Amino acid sequence: MGTQPGWQYPPIPIPKPPGSGRRRKPRRTPKGLLILLVVVAVLVVGSGVTFALRGGGNDNPTPVAVDTPSVTPSETPSPTPTPTPTPTPKPKPKPTPKPKPKTRALTPYELVAKNKIYRSGAVQASRCTEPPYRPTTFAATKAYYNRMLPCLNRSWWLSMKRVGVSFRAPHVIVYGGNIKTPCGIERGTRGFYCGGNETIYMPFAVDYKNYKINPMYTRAWMLNTFAHEYGHHVQQVSGIFGASFARQATMADPNNRLQESRRRELQASCLGSAYLGADAAFIPMRGELLSSWKFAVANAGDEFAPNKIRDHGAKANHNLWSTRGYTSKNPNLCNTWVVPGKYVS
């Protein structure tokens, strides 16, 4: 390791105040000290401090002009750009839904021959038994039909629901004697359906009289007649009933008008029988009751009408459409508007 040097940089002398003694001949500054002073002077100038000597005997010190180093102006920093706020995305307006094309109104023929009800499939069973009441009194007869009504309502509501037909239940009125309806005055001799107030009218006197003669046949007839009149209500709700009457009103030929009526009536028999066939196991339609029903539908026709007006169909065609509905249980096979005239004679 080398020997420590024996010399150091000399300290900077502190000057005395002027006039404190006689002047001496300035000594020659050693070279080393001179170098040190140069270094210190550089440091002092760099720090912006200048030593000024006061003038001797002057009470008011005269300021000595000092070159103050100019301050280099700092560059004004570029303003930090304020971040542009991200605009809140405006919700895109929902596209205006395109107007649904107007549905063309179906023609009367389309309503009767191409109705939705024909696509409803087989009628479902209501699982109702035949009402236990017998037409021996007005109250019992009324109870019989009022018990049947919700059973048919359920089955036909299910059929219409399948094809998007809005269901409405009909009313039922059991009447005796004359009754005034929106469809005219009735004299207690027949069951009928009135589209004006969507009501099924059933005659107490007819059921009461027939039951005393043949109880089983009367029960079959009551089941069949009520189901037939309900078939007209199915036509009403699905649009067939009104469309058929509209068609009939435009027909000049009376034979065509009668045929239109027969198509309407035979279809109602087919629709009514479709319900009886669907619920046959629960009624139950068997034995003497079934035999009585078959006899009834085979012997109901215009041939037995007192006025001989051929507006409901011959007994052969009544039997044809009733049996067809009972067997198939399907409204599609009850379309009487797409068959030749001989099947609706």
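Nothing here was measured: the structure is a model prediction, and the numbers come from that model.
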Test side-chain hydrogen bond (donor to acceptor under 3.5 Å, both in side chains) on Q235 and Y193 and set out the steps.
-> CA-CA 11 Å; Q235 292 173 327; Y193 175 80; over 6 Å; no
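- Side-chain contact between I240 and F245 is absent, with no heavy atoms from C-beta onward closer than 4.5 Å.
- For the pair Q236 and G195, the tightest heavy-atom approach, listed with the atom from each and the gap, is NE2-O, 3.5 Å.
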What do the steps show when you test V237 against W156 for side-chain contact (heavy atoms from CB on, under 4.5 Å), and what is the final call?
-> CA-CA 10 Å; V237 174; W156 285 112; over 6 Å; no
List the steps, then state whether salt bridge (charged side-chain N to carboxylate O under 4.0 Å, His left out) holds for E229 with R190.
-> CA-CA 11 Å; E229 301 305 340; R190 63 178 184 140; over 6 Å; no
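- Heavy-atom minimum distance, D279 versus C128: OD2-O, 2.6 Å.
- For H228, the ring-ring contact (aromatic ring centres under 6.0 Å, His included) partners two or more places apart in sequence, or in a different chain, are H232.
- The side-chain hydrogen bond (donor to acceptor under 3.5 Å, both in side chains) pairs that include a residue from residues 237-252 are S244-E260, S244-R264, R247-E260, Q248-R264, where partners are two or more places apart or lie in different chains.
- We find the OH-CE distance between Y133 and M222 to be 12.5 Å, quoted to the nearest 0.5 Å.
- Within 6.0 Å of atom CZ in R127, 12 or fewer heavy atoms from other residues, nucleotides or ligands are found, so the atom counts as exposed in its surroundings.
- Closest approach of P170 and I200 over heavy atoms only: CG-CD1, 4.3 Å.
- The CD1 atom of I117 sits 9.0 Å away from the CZ atom of R162 when rounded to the nearest 0.5 Å.
- Residues M148 and L223 form a side-chain contact, since some pair of their non-hydrogen atoms from C-beta on lies under 4.5 Å apart.
- If you take CG on L158 and CD on Q124, they are separated by 5.0 Å, rounding to the nearest 0.5 Å.
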Side chains of residues 308-316: which donor-acceptor partners sit under 3.5 Å, not counting sequence neighbours?
| from | atom 1 | to | atom 2 | distance (Å) |
| --- | --- | --- | --- | --- |
| K308 | NZ | E303 | O | 2.9 |
| H312 | NE2 | E265 | OE1 | 3.4 |

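- Residue R154 places its CZ atom among 12 or fewer non-hydrogen atoms of other residues, nucleotides or ligands, all under 6.0 Å distant.
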Determine, stepwise, if the pair Y275 / S126 fulfils side-chain hydrogen bond (donor to acceptor under 3.5 Å, both in side chains).
-> CA-CA 9 Å; Y275 167 78; S126 67; 2.8 Å; yes
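- Remark: R187 pairs with no residue by the salt bridge (Lys or Arg N to Asp or Glu O under 4.0 Å) rule, at least two apart or across chains.
- Note on residues 204-289: pairs passing disulfide bond (SG atoms under 2.5 Å apart), not counting sequence neighbours, are C270-C334.
- Counting only residues at least two apart or in different chains, disulfide bond (SG atoms under 2.5 Å apart) contacts with residues 199-247 are absent.
- Heavy-atom minimum distance, D253 versus N255: OD1-N, 2.9 Å.
- Between P331 and the choices V163, V234, L271, the side-chain contact (heavy atoms from CB on, under 4.5 Å) rule is met once, by L271.
- Think of Y175 as one node in a network of Ile, Leu, Val, Met, Phe, Trp and Tyr side chains linked at under 4.5 Å; its network also takes in I173, I179, F192, Y201.
- Here the straight-line distance linking atom CG of N317 with atom OG of S345 works out to 4.0 Å at 0.5 Å rounding.
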Would H318 and L266 count as a side-chain contact (heavy atoms from CB on, under 4.5 Å) if you check the C-alpha gap in whole Å, the side-chain angles of each, and the deciding distance to 0.1 Å?
-> CA-CA 6 Å; H318 188 264; L266 290 169; 4.2 Å; yes
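- Note that CE of M160 and OG of S155 are 11.0 Å apart. Values are rounded to the nearest 0.5 Å.
- None of V339, V338, N332, L333 except one satisfies the side-chain contact (heavy atoms from CB on, under 4.5 Å) rule with N335; the exception is V338.
- Using a 4.5 Å heavy-atom cutoff, the side chains of I185 and T181 are not in contact.
- Qualifying salt bridge (Lys or Arg N to Asp or Glu O under 4.0 Å) partners for R119, counting only residues two or more places apart in sequence or in other chains: none.
- The backbone N or O of V344 lies less than 3.5 Å from a partner atom in the side chain of R262, making a donor-acceptor pair.
- Put simply, the side chain of Y343 reaches to within 4.5 Å of the side chain of L320, judged on heavy atoms.
- Separation of atoms NE2 (H171) and NE2 (H233) is listed at 8.5 Å; rounding is to 0.5 Å.
- When all heavy atoms of R219 and Y144 are compared, the closest pair comes out as O-OH, 3.9 Å.
- Identified under the disulfide bond (SG atoms under 2.5 Å apart) test for residues 160-244, with sequence neighbours left out: C183-C194.
- Here Y217 and Y211 keep their ring centres 6.0 angstrom or further from each other.
- In this structure a side-chain-to-backbone donor-acceptor pair under 3.5 Å is missing from T218 to M216.
- Counting only residues at least two apart or in different chains, disulfide bond (SG atoms under 2.5 Å apart) contacts with residues 222-253 are absent.
- Residues V174 and Y208 fall within the same hydrophobic cluster, defined by Ile, Leu, Val, Met, Phe, Trp and Tyr side chains chained together at heavy-atom separations under 4.5 Å.
- Residues R147 and P132 have side chains in contact (heavy-atom distance under 4.5 Å, counting atoms from C-beta outward).
- Under the rule for a ring-ring contact (aromatic ring centres under 6.0 Å, His included), the partners of F138 that lie at least two apart in sequence or sit in another chain are F204.
- Side-chain heavy atoms closer than 4.5 Å link hydrophobic residues (I, L, V, M, F, W, Y) into clusters, and following such links, even through other members, never connects V206 to F226.
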Under 3.5 Å, which donor-acceptor pairs link side chains of residues 282-297 to any protein atom two or more places apart or in another chain?
| from | atom 1 | to | atom 2 | distance (Å) |
| --- | --- | --- | --- | --- |
| S291 | OG | G287 | O | 3.2 |
| S292 | OG | E288 | O | 2.9 |
| W293 | NE1 | N224 | OD1 | 2.8 |

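- Contact record, A227 with L152: CA-CD2, 4.1 Å, taken as the closest heavy-atom pair.
- In the model, N153 has a side-chain atom that pairs as donor or acceptor with a side-chain atom of Y230 under 3.5 Å.
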Report the C-alpha separation of R263 and Q267 in whole Å, then their side-chain angles, then the decisive distance to 0.1 Å, and conclude whether the side-chain hydrogen bond (donor to acceptor under 3.5 Å, both in side chains) test is met.
-> CA-CA 6 Å; R263 291 185 189 277; Q267 182 181 71; over 6 Å; no
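- Neither V172 nor W221 shares a network with the other; the hydrophobic side chains, linked directly or stepwise wherever heavy atoms of I, L, V, M, F, W or Y lie under 4.5 Å apart, form separate groups for each.
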